[in-house]
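First comes the structure, then the notes that go with it.
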Amino acid sequence: MSDAQPNRQQEFVLRTLEERDIRFVRLWFTDVLGTLKSVSVAPAEIAGAFIDGIGFDGSAIEGLTRLHEADMVARPDPSTFQVLTFESGAAGESARMFCDIEQPDGAPSPADPRNVLRNVLRKAADAGFNFYTHPEIEFFLLADGPADGSVPVPVDSGGYFDHTSHAAAHDFRRQAVQTLEQIGISVEFSHHECAPGQQEIDLRYADALTTADNIMTFRHIMKEVAIAQGVRASFMPKPFTDQAGSGMHTHVSLFDGEDNAFFDPKDPRKLARIGECFVAGLLRHAPEWTAITNQWVNSYKRLYPQQLPDRITEAPSAVCWGRTTRSALVRVPEYGKPHSARVEVRSPDSACNPYLTFAVLLAAGLRGIEEGYELPPAISDDIWSDTQSKYLQLPTSLNEALRQMEQSELVAETLGSHVFEFFLKNKRAEWEEYRRQVSAYERQRYLYV
């Protein structure tokens with residue numbers, strides 16, 4: 001990007017702050033696990049922040065830096081400026097910008113998830129590709145209650161595509177979509193999902209960095225709108241034992257200029273060789289990147305194949321691909337138009353760090369293209385009629401996923417040593433904490449044995 005472009009964007013931000021009398025500017029960034037961080041800055045400080053950034057103690061942020069390297073700088077990205085209309089009130093309007101995290105000498109921080117994704121996007125650009133993503137984000141609306149680990153209560157009893165009559169869920173989606181649209185995040189679909197209280201909102205496709213920023217904004221807005229309506233929005237992968245979990249099915253595509261690199265009109269399946277290699281890369285390295293796309297102990301309860309009262313869960317457990325089945329790890333939809341050629345990755349859940357998730361998915365696909373991986377045969381329409389044992393399986397626990405990740409040269413290279421090592425350390429600690437917990441299930445089953 002030329003110097004003139006960011007300068008114009010900075011001028012637009014400064015002019016808008018003055019014209020709309022914005023009182024608070026929130027500078028956002030994420031830690032390694034994808035938790036949103038924020039600092040509010042007076043509008044008068046923004047011009048200086050564009051030049052020098054905002055200094056802060058990086059050692060207080062999860063995984064950002066080591067104690068003896070505490071000083072870090074958050075530099076706002078003017079292209080992400082947006083007025084937060086839903087926060088307007090008597091105190092005036094507020095706005096937000098995402099930040100790039102830098103070291104004191106101005107070098108990009110190796111611990112910044114945005115920087116991790118940018119590095120892989122540059123690699124794709126060097127190969128002639130732009131990477132686009134389109135997420136389908138599932139989450140639960142729950143009655144507001146104590147955060148004591150007790151079983152939560154969904155706000156409705158609806159099912160897939162039900163037009164719920166419960167005021168909270170119906171009004172929630174309408175208000176949530178309007179709020180997203182007001183700040184420039186385009187929504188493609190919204191509907192009730194399979195489980196009681198479960199919602200889905202699909203964001204329109206965009207370049208991967210913009211989409212990751214949008215997902216972070218999306219999660220914040222969902223929680224804010226829910227609280228305003230007296231309920232809670234949860235992105236926990238699987239809050240209920242006998243209901244489906246919440247995924248973030250992610251459609252991805254590579255473009256070479258204006259041309260969709262996944263589309264080949266001469267192929268009977270309309271799938272180009274580049275698309276085949278990309279899918280093959282996703283499949284071959286899936287066990288290695290699963291710890292990133294499914295980063296919590298609870299994530300693996302969703303990926304466990306389960307017979308529910310009315311159906312089998314659709315979350316993938318086997319490493320395979322198909323056309324129509326929703327139980328495959330990767331689905332290659334039938335293309336209606338050349339520009340719609342894409343690949344759907346169905347394992348990520350909605351509690352992942354989107355920057356790191358998009359980074360490892362793109363890196364795996366690019367590796368498939370670079371090495372010319374061969375695409376294995378597609379599965380039948382019903383994976384459960386196939387013999388599951390003939391497929392490589394996804395990790396069945398966070399512990400197993402970490403072991404696979406630890407051995408992955410691809411993931412280590414993609415994340416960089418700082419994020420790679422911190423992530424493994426943090427998640428091993430989570431696993432050890434989980435291992436020593438005695439659950440309600442165990443007490444009910446064994447207390448009086």
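What you are looking at is a predicted structure, and each value in this text was computed from that prediction instead of being measured. Heads up: numbering here begins at 1 and tracks the sequence.
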**Message:** Can you list everything that forms a side-chain hydrogen bond (donor to acceptor under 3.5 Å, both in side chains) with T133? Sequence neighbours excluded, please.
**Reply:** T211
**Request:** For A212, enumerate each residue passing the side chain to side chain contact (heavy atoms under 4.5 Å, CB included) test, keeping only those at least two apart in sequence or located in another chain.
**Result:** L117, P354, Y355, F358
**Fill in**
Minimal heavy-atom distance between R26 and S40, with the atoms involved, is NH1-OG, 3.0 Å
**Request:** Find the distance between CG (L361) and CD1 (I292) and round it off to the nearest 0.5 Å.
**Result:** 10.5 Å
**Item:** side chain to side chain contact (heavy atoms under 4.5 Å, CB included) partner of P135, the single match among N214, V252, L203
**Value:** L203
**Message:** Restricting to side-chain hydrogen bond (donor to acceptor under 3.5 Å, both in side chains), what partner residues turn up for E370, sequence neighbours left out?
**Reply:** K123
**Asked** Out of Q198, R302, E193, E200, which residue meets the side chain to side chain donor-acceptor pair (under 3.5 Å) rule with S246?
**Response** Q198
**Message:** Is it the case that the ring center of F29 lies less than 6.0 angstrom away from the ring center of F56?
**Reply:** yes
**Request:** For T80, check side-chain hydrogen bond (donor to acceptor under 3.5 Å, both in side chains) against everything at least two apart and list the hits.
**Result:** none
**Spatial distance of atom CG (N7) from atom CZ (F50) [nearest 0.5 Å]** = 10.0 Å
**Prompt:** By side-chain hydrogen bond (donor to acceptor under 3.5 Å, both in side chains), which residues pair with R114, not counting sequence neighbours?
**Reply:** D77, D100, D213
Identify all side-chain donor-acceptor contacts of residues 12-20 below 3.5 Å with residues at least two apart in sequence or on another chain.
residue : atom : partner : partner atom : Å
T16     : OG1  : F12     : O            : 2.8
R20     : NE   : E93     : OE1          : 3.1
R20     : NH2  : E93     : OE1          : 3.3
R20     : NH2  : E93     : OE2          : 2.9

**Prompt:** For E409, does the CD atom sit with more than 12 other heavy atoms under 6.0 Å from it, leaving out its own atoms?
**Reply:** yes
**Prompt:** Any idea which heavy atoms bring T290 and L394 closest together, and the distance?
**Reply:** OG1-CD2, 3.5 Å
